[in-house]
Amino acid sequence: MQENKENPNELLELLLEKCDRLYQENMLLKGKLEDRTDVDALKSSYEKTLSEKDTRIVDLEKQVAYLRRRIWGKSSERYIQADPQQRRIDFDGLDLLPGEIELAEAAREEIEAFRERRVKERVKRKPVRKPLPEDLPRIEEHLYPAEISDNKDAWTELEPEITEVLEYEPGKCYVRKIVRHKYVLKNKPSQESGEEPSPIVTASLPTRYRPIARSYAGASLLAELMINKYVNHLPFYRQIQMMKQMGANLPPPTVNDWFKDTADLLRPLYYRLKELVLATDYIQVDETTVPVINNEKHKTVNGYMWMVRSVMDSQLFFHYDHGSRAQNVALSLLKDFSGAMQTDGYGVYKIYEQKQGVLPLGCWAHARRKFEESLKNDRSRAEYALEQIGLLYEVEREADDKKLSCQERANLRESHAYPIMVAFEKWLVREYEKVLPKSPIGKAIKYTYDIYHRLTRYHLDGRYLIDNNLAENSLRGLALGRKNYLFCGNHDAAEDAAVMYSLLGCCKAADVNFRDWMVYVLSRIHDYDEDYTRDLAELLPGNYSRRNP
């Protein structure tokens, strides 16, 4: 029995081990409890966050519902109490009572009568020309038929015919009252004699008084409207307001019709101008945008207006072909041209390198602009290029200062400008390999080198210009105009605008008074309708300036 007794030391060790195990289990349990506390806290925080988000979602849904009501719902949200007098549809059976039949029939007759009156009123509401205001000053002009000049006593005067035309002079409107006298012979043949009755003769109305048939707009008024829009860049609606302050109330549709009719009146002169410009041997070509309303897309799109300028006589015209900038427009427009053609680097003009009889010229101003745009990218190379181009322009200034002839200018270019262009071309080839092709300086070098053969050709003839700046200056009026009247209503309106810009641009180039020329042409252009021996070119601003210095 004694040997079964355990050793006290071993028993103590066992107790210590058990206590140690219990302690570890206790610590483990305590850790699990602490972890449980963290989970509960996390869960509580998560539930709180969910609650806040739910609240936020409810608020946002309320805001969305409110905005939907504001945009698509009824505009009035006031509460309307029930009206005791509100009519109600109460059925006392399906059969109509005699009183209900009478009321319904009477109501139907009233509705039909109102419909007939409304239709008649609509039929009567047709555009009617209103008489010119009585308070406008009037200037009378009397016209007599040529038949009575030999023996005026043999004629009896009848009631004259009166035509009033609205005219304009700076600062005021007035009415030109044209009195056309009417006469009949005194010795009328009797009916028994079987002779024809005496004719009634009336003074004819010269077309200079009314350029547009059946219109009360005089040449001076039409000239003022066209010049204000296409030279002074005032939209028609502003001009209508200005005219109203002078006592003349012009309906907007009428003014728009006048614009179309005036463009049609000047279109033959415009076509003659195109023939003369394209018949020269040195032109400049450029294009610019003009906003046009596209009815199919229901928005404004950018159309392109082409400009062709004859350098030697400073005549120009604008061309609009449904707003296209495509190559086929240039081919159609310039198909009969032969000579030097100066353009920018637009790729459409590359085809003329292979066309026989056409010498393409480049524009140094466009090349210089590319290097100016690359100054921030590579100042050293850009400054060197600008310095070389500046030397070429300095040669032109020297020729201008000395007032050299064309041949003397060509000789100066050959001795001074040509060596600089040879050195500059080699620099372009050498430096292009050292720059990034997509960088601004890389694009500038590539642009210049690709058209370098066109850029250098200006030295061949002293008439040729170093750049296309004069053509770009001719586009400034159109650029200013589109900022004011914003757009053309359709393609037809853009074509009409091309007519106006062309002829008024020639006035500016010839230093001709716009208003005097326009009044002169509108008053005389009908003289060329039937006399085909006369040349419409006589009416162009350049010829007008020589006739009226």
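Since this is a predicted model, take the numbers as computed values, not measurements. These numbers come from the heavy atoms of this one structure, side chains and all, not from hydrogens, waters or symmetry mates.
- A cation-pi arrangement is not found for R272 relative to Y528, the charged atom failing to lie both closer than 6.0 Å to the ring centre and inside a 45° cone about the ring normal.
- Each of E141, E167, R176 was scored for a side-chain hydrogen bond (donor to acceptor under 3.5 Å, both in side chains) with Y209, with one residue passing: E141.
- A donor-acceptor pair under 3.5 Å is absent between the side-chain atoms of H142 and the main chain of H181, judged by distance alone.
- Between the side chain of N490 and the backbone N or O of D492, at least one donor-acceptor pair lies under 3.5 Å.
- Here the closest non-hydrogen pair linking R309 and V277 is C-CG1, 4.3 Å.
- When every heavy atom of I525 is checked against every heavy atom of L265, the shortest pair comes out as CD1-O, 3.1 Å.
- Of the possible polar contacts, one joining the R413 side chain to the Y458 backbone as a donor-acceptor pair under 3.5 Å is found.
- Put simply, the side chain of M243 reaches to within 4.5 Å of the side chain of C173, judged on heavy atoms.
- In this structure, Y270 contributes its side chain and F318 its backbone to a donor-acceptor pair below 3.5 Å.
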* Asked: Run the ring pair (Phe, Tyr, Trp, His ring centres under 6.0 Å) check on W517 and Y520 step by step: do they pass?
  -> CA-CA 5 Å; W517 175 84; Y520 177 84; 8.6 Å; no
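- Summarising the geometry, atom OG belonging to S338 is positioned 10.0 Å from atom CD1 belonging to I283; distances are rounded to the nearest 0.5 Å.
- W258 places no side-chain N or O within donor-acceptor distance of the main-chain N or O of M226, the cut-off being under 3.5 Å.
- The number of heavy-atom neighbours closer than 6.0 Å to CG of D511, taken from other residues, nucleotides and ligands shown, is 12 or below.
- No side-chain donor-acceptor contact under 3.5 Å links Y346 and E287.
- Heavy-atom neighbours of E414 CD from other residues, nucleotides or ligands within 6.0 Å: at or below the threshold of 12.
- Interatomic distance, Q342 CD to D286 CG, rounded to the nearest 0.5 Å: 10.5 Å.
- Interatomic distance, CZ of R457 versus CD1 of I451, reported as 11.0 Å (0.5 Å rounding).
- Side chain of S439 to main chain of G442: a donor-acceptor pair is present (N/O by atom type, distance under 3.5 Å, no hydrogens or angles).
- Here the side chain of E161 pairs no donor or acceptor atom with the backbone of A203 at under 3.5 angstrom.
- Counted within 6.0 Å of NZ on K443, heavy atoms from surrounding residues, nucleotides or ligands total 12 or fewer; the atom is thus considered open.
- Looking at heavy atoms from C-beta onward, V308 lies out of side-chain contact with F337 at the 4.5 angstrom threshold.
- Between K260 and D264, none of the side-chain N atoms (NZ, or NE/NH1/NH2) sits under 4.0 Å from a carboxylate O, so this pair counts as no salt bridge.
- Within the 3.5 Å criterion, the main-chain N or O of G323 finds a donor-acceptor partner in the side chain of Y320.
- Closest non-hydrogen pair, H233 versus P235, comes out as O-CD, 3.6 Å.
- Exactly one of L222, N228, I227 qualifies for a side-chain contact (heavy atoms from CB on, under 4.5 Å) with E224. That residue is N228.
- Taken to the nearest 0.5 Å, the CG atom of L269 stands 11.0 Å off from the CD atom of E538.
- Atoms CZ and CG, on F371 and N377 in that order, are 11.5 Å from each other to the nearest 0.5 Å.
- Within 6.0 Å of atom NZ in K182, more than 12 heavy atoms from other residues, nucleotides or ligands are found, so the atom counts as buried in its surroundings.
- A cation-pi arrangement, defined by a distance under 6.0 Å to the six-membered ring centre and an angle within 45 degrees of its axis, is present between R368 and Y393.
- We find that D281 and R463 are joined by a salt bridge, their nearest charged nitrogen and carboxylate oxygen being less than 4.0 Å apart.
- Taking CD of E431 as the start and OH of Y384 as the end, the distance is 8.5 Å to the nearest 0.5 Å.
- More than 12 heavy atoms of other residues, nucleotides or ligands sit less than 6.0 Å from atom NE2 of H453.
- Ring geometry, Y230 versus Y501: the interplanar angle exceeds 60°, so the pair is classed perpendicular (tilted spans 30 to 60°).
- In terms of heavy atoms, L225 sits closest to F236 at O-CE2, 3.7 Å.
- With T280 contributing its side chain and L276 its backbone, the two residues share no donor-acceptor pair below 3.5 Å.
- Remark: K508 fails to qualify as a cation-pi partner of F514 under the 6.0 Å distance and 45° angle criteria applied to the six-membered ring.
- Judged purely by atom type and a 3.5 angstrom limit, R138 uses its side chain to pair as donor or acceptor with the backbone of L136.
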